[in-house]
Amino acid sequence: ETPNMPYGVVFNDINRIYVMLARCILGVSPKTCKNLVLKRCGWLPLRFLWASEALNWISNYDLGSFLSSHEWVDTSWIIVI
């Protein structure tokens with residue numbers, strides 16, 4: 001389910017191309033279920049792939065040093081794992 005935001009149309013276009021490429025790689029019918037195609041390729045649905053990449057980027061980013069460099073930000077709440 002794509003939110004009704006301005007980027008929703010762009011996301012749907014990119015997602016359609018993503019699934020189309022998976023179908024071409026497997027050589028299956030355009031009517032084959034997209035979840036089945038992605039599962040067979042071993043790919044995550046695009047929204048989950050982007051979410052996991054974003055979380056990976058955030059977890060590798062040193063947020064504490066970035067926030068502490070700005071005097072207006074209270075960094076006492078940051079928990080370093």
Side-chain angles (χ1 to χ4, degrees):
E1 181 177 324
T2 306
N4 293 326
M5 298 289 182
Y7 57 82
V9 174
V10 175
F11 176 81
N12 285 336
D13 290 342
I14 294 171
N15 192 48
R16 187 176 39 78
I17 293 169
Y18 181 71
V19 174
M20 183 184 67
L21 288 173
R23 285 184 177 128
C24 289
I25 289 170
L26 293 177
V28 297
S29 166
K31 295 182 179 182
T32 306
C33 175
K34 68 179 179 180
N35 290 331
L36 177 74
V37 170
L38 296 176
K39 175 73 174 172
R40 184 67 180 116
C41 282
W43 295 358
L44 285 172
L46 194 57
R47 64 181 182 270
F48 296 126
L49 178 65
W50 285 358
S52 68
E53 289 296 324
L55 289 172
N56 188 32
W57 180 81
I58 290 169
S59 68
N60 289 330
Y61 191 74
D62 188 8
L63 187 61
S65 65
F66 172 76
L67 290 177
S68 64
S69 66
H70 294 82
E71 296 177 7
W72 52 270
V73 177
D74 177 22
T75 59
S76 61
W77 60 271
I78 296 176
I79 300 171
V80 179
I81 299 174

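Since this is a predicted model, take the numbers as computed values, not measurements. By convention here, the first residue in the shown sequence is residue 1.
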Members sharing Val37's hydrophobic cluster (side chains within less than 4.5 Å) | Leu26, Val28
For the atom pair [atom1] ([X]) and [atom2] ([Y]), what is the distance rounded to the nearest 0.5 Å?
{"X": "Glu53", "Y": "Leu46", "atom1": "CD", "atom2": "CG", "answer": "10.5 Å"}
{"X": "Ser52", "Y": "Arg47", "atom1": "OG", "atom2": "CZ", "answer": "12.5 Å"}
{"X": "Arg40", "Y": "Ile25", "atom1": "CZ", "atom2": "CD1", "answer": "12.5 Å"}
{"X": "Lys34", "Y": "Asn15", "atom1": "NZ", "atom2": "CG", "answer": "5.0 Å"}
{"X": "Ile14", "Y": "Trp50", "atom1": "CD1", "atom2": "CH2", "answer": "4.0 Å"}

Leu44-Leu38 co-clustered via ILVMFWY side chain contacts under 4.5 Å = yes
Nearest heavy atoms of Pro45 and Tyr18, plus distance in Å | C-CE2, 4.3 Å
Go through the steps for Thr32 and Ser29 under the test side chain to side chain contact (heavy atoms under 4.5 Å, CB included), then give the verdict.
-> CA-CA 5 Å; Thr32 306; Ser29 166; 3.7 Å; yes
